[in-house]
Protein chains: 2
Amino acid sequence: MVKNKQATQDKLIKAVGEVLADVGFSGVGVNAVAKRAGVDKVLIYRYFGSFDKLCLAFAQSADFWPSLKELIPDPEVLSAMGTAERVTLVLKRFTTSLRKRPLTLEVMAWELLERNAFTIELENVREASGLELNRFMQDLSSNTTRDSTDEIDWLAITAVLSAGMQYLALRARKINVYNGIELNKDEGWMQLERSIETLIAGVTT
Amino acid sequence: MVKNKQATQDKLIKAVGEVLADVGFSGVGVNAVAKRAGVDKVLIYRYFGSFDKLCLAFAQSADFWPSLKELIPDPEVLSAMGTAERVTLVLKRFTTSLRKRPLTLEVMAWELLERNAFTIELENVREASGLELNRFMQDLSSNTTRDSTDEIDWLAITAVLSAGMQYLALRARKINVYNGIELNKDEGWMQLERSIETLIAGVTT
DNA sequence: ATGCAATGTCACCGCATGGTGATATGGTGT
DNA sequence: ACACCATATCACCATGCGGTGACATTGCAT
């Protein structure tokens, strides 16, 4: 038995993610996490105060949500595009980033059912990130030559489309088909991407 | 104490819905449902075999999912429209019908996290309903004069858009704002509907 | 009215959960 | 070497869960 507070804390935080990944949200609890960390559960209360606080620590530690620079590593490239192409590209990247994060998806699904430390924390990160992204996109737009797309409600349009891709990413975890689209195959997702292209392109013509 | 099998079964089935509505999915269990029905939980096992089967009975009893004739009570009106208007209208109706069903939304959210009697049954109903709807829409289209919209991937487009509205309906239960859209106000939803109009109209021009 | 199956009640089991107090053991400064 | 405090362990509690067997009551056919 080695005694090292920091290491134990880290083990606990890591264990939350592992349990979440292994057995899903329903298995995430004091006993399971402590067992997984190979540590007594009482340490959760000693070091984090409560289980919720531990969850919160985990939510802050991992990169749950696609960061701005993950979505837009190349602002100068984007700024050379028209609004439609730019929005399309970012939506695609957003979807891809999301699908790469099984833990985020698990918590996002959770978020639709319960409000707890996890979901509230993710919510905060997401809101901040969304605002940042919108601001960024607006800045890019204002640098672009003004065109016929100015009076379009991009906020609402991206809301519907990003919500759609999020929902499909969530469903894909459990169910393979939605409305005839095969969510378990890349072909299905390409089909969806093409739809987004078509939809957004149509708006600007 | 009155003895009436049928009445007791009905009480149990009804209680599932009440518990689900009151405390959400996490409270749905043998004990809570039996208590709510004012009946001993052993009767669940006697009459339904298992708790899952009771849930299944409930899922089948309620009108969980918008029926075809709820979405399209007026096929002759729709058949007089162009494809774009028709798809738009049905999508709007679909959204409205969904938002009126808090229990369905609860189970749909549940569905993204767990597969159980409830969610699997709803899944079946939904699949059947979706197929029926798609077939119906296709029939309507074939009655319409052929136009430039023929080669469009309507399946994928309606998938994205309906998925988006579903996700937003789910989120609206817990969180009031998404990407700047106020999901707790009718104005927000009208904004979303207008986006759908714009998007679909754009595709066909 | 009587007998008996159908219906409903109750008490209990094993198990897992979140949470806590007393206790043992390791690391560290003197 | 010792003492001491932070660190970690263990045993335990109350509670709620799904599930089951033994028992009481009702209603109905004879």
Side-chain angles (χ1 to χ4, degrees), chain A residues 1-59 106 110 113-121, chain B residues 1-20 22-59 106-107 110 113-121:
Chain A
M1 175 177 66
V2 68
K3 300 204 172 189
N4 185 328
K5 183 172 178 177
Q6 187 61 50
T8 302
Q9 287 177 329
D10 292 347
K11 270 193 278 184
L12 281 170
I13 291 178
K14 195 174 152 219
V16 174
E18 292 172 353
V19 171
L20 196 59
D22 276 13
V23 295
F25 90 105
S26 61
V28 176
V30 173
N31 295 298
V33 168
K35 189 171 201 173
R36 177 88 195 199
V39 145
D40 198 277
K41 63 178 171 178
V42 79
L43 299 181
I44 292 175
Y45 299 101
R46 262 228 266 292
Y47 291 153
F48 297 92
S50 71
F51 186 66
D52 277 0
K53 300 247 188 74
L54 169 57
C55 290
L56 204 138
F58 170 67
E106 180 78 23
W110 200 356
L113 276 170
E114 287 179 324
R115 290 188 71 72
N116 55 36
F118 247 129
T119 63
I120 290 172
E121 181 58 23
Chain B
M1 171 177 72
V2 69
K3 297 202 176 193
N4 184 330
K5 183 174 178 176
Q6 187 60 50
T8 302
Q9 287 178 330
D10 291 348
K11 270 194 280 185
L12 280 170
I13 290 177
K14 195 173 152 217
V16 174
E18 292 173 353
V19 171
L20 196 58
D22 276 13
V23 296
F25 90 105
S26 60
V28 176
V30 172
N31 297 297
V33 168
K35 190 172 202 173
R36 177 87 194 200
V39 143
D40 197 277
K41 63 178 171 176
V42 79
L43 299 181
I44 293 176
Y45 299 101
R46 264 229 265 290
Y47 291 155
F48 296 92
S50 71
F51 187 64
D52 278 0
K53 299 248 189 75
L54 168 58
C55 290
L56 202 139
F58 170 68
E106 180 78 22
V107 178
W110 200 357
L113 275 170
E114 286 179 325
R115 290 188 71 71
N116 56 35
F118 247 128
T119 62
I120 288 172
E121 181 57 23

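Keep in mind that what you see is a predicted model, and the values were worked out from it rather than measured.
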> For Asp40(B) and dG19(D), what is the distance between atoms CG and P respectively, to the nearest whole Å?
Replying inline: 14 Å
> Do Lys5(A) and Thr8(A) have side chains that get closer than 4.5 Å, going by heavy atoms?
Replying inline: no
> In whole Å, what is the span from the CG atom of Leu54(B) to the P atom of dG19(D)?
Replying inline: 12 Å
> Are side-chain heavy atoms of Val30(B) and Tyr45(B) found at a separation under 4.5 Å?
Replying inline: yes
>> Please find the pair of heavy atoms, one from Phe58(B) and one from Gly17(B), that lie closest to each other, and give the distance.
In response: CZ-CA, 3.4 Å
> Is Thr8(A) near enough to dA8(D) that one of its side-chain N or O atoms lies under 4.0 angstrom from OP1 or OP2?
Replying inline: yes
> Which of residues 41-48 of chain A sit near DNA chain D, with a heavy atom under 4.0 Å from it?
Replying inline: Val42(A), Leu43(A), Arg46(A), Tyr47(A)
> In Å, rounded to the nearest 0.5 Å, how long is the span from CZ of Phe118(A) to CG of Leu54(A)?
Replying inline: 8.0 Å
>> Contact list please: residues 21-33 of chain A against DNA chain D, heavy atoms, distance less than 4.0 Å, in numerical order.
In response: none
> From the 5' end of DNA chain C to its 3' end, which nucleotides mark the outer limits of contact with chain B, defined by a 4.0 Å heavy-atom distance cut-off (strictly under)?
Replying inline: dA6(C) to dC10(C)
> Roughly how many Å is it from CG in Asn116(B) to P in dC17(D), rounded to a whole number?
Replying inline: 17 Å
> Is there a donor in the side chain of Glu114(A) and an acceptor in the side chain of Trp110(A), or the other way round, less than 3.5 Å apart?
Replying inline: yes
> Shortest non-hydrogen contact from Gly27(B) to Val19(B)?
Replying inline: O-CG1, 3.6 Å
> Rounded to whole angstrom units, what separation is found between the NZ atom of Lys5(A) and the P atom of dT7(D)?
Replying inline: 5 Å
> Looking only at atom types and distance, does a side-chain atom of Glu106(A) sit under 3.5 Å from a main-chain N or O of Ala21(A), one as donor and one as acceptor?
Replying inline: no
>> Tell me the closest heavy-atom pair linking Leu12(A) and Ala34(A), and the distance in Å.
In response: CD2-CA, 4.4 Å
> Minimum heavy-atom separation for Thr119(B) to Val107(B), with atom names?
Replying inline: CG2-O, 4.1 Å
> Once you round it to whole Å, what is the distance between P of dT7(D) and CG of Asp10(A)?
Replying inline: 14 Å
> Is there side-chain contact between Phe48(B) and Leu56(B), with at least one heavy-atom pair below 4.5 Å?
Replying inline: no
> Within a radius of less than 6.0 Å around NZ of Lys11(B), do more than 12 heavy atoms belonging to other residues, nucleotides or ligands occur?
Replying inline: yes
> Between dG18(D) atom P and Leu12(B) atom CG, what is the distance in whole Å?
Replying inline: 14 Å
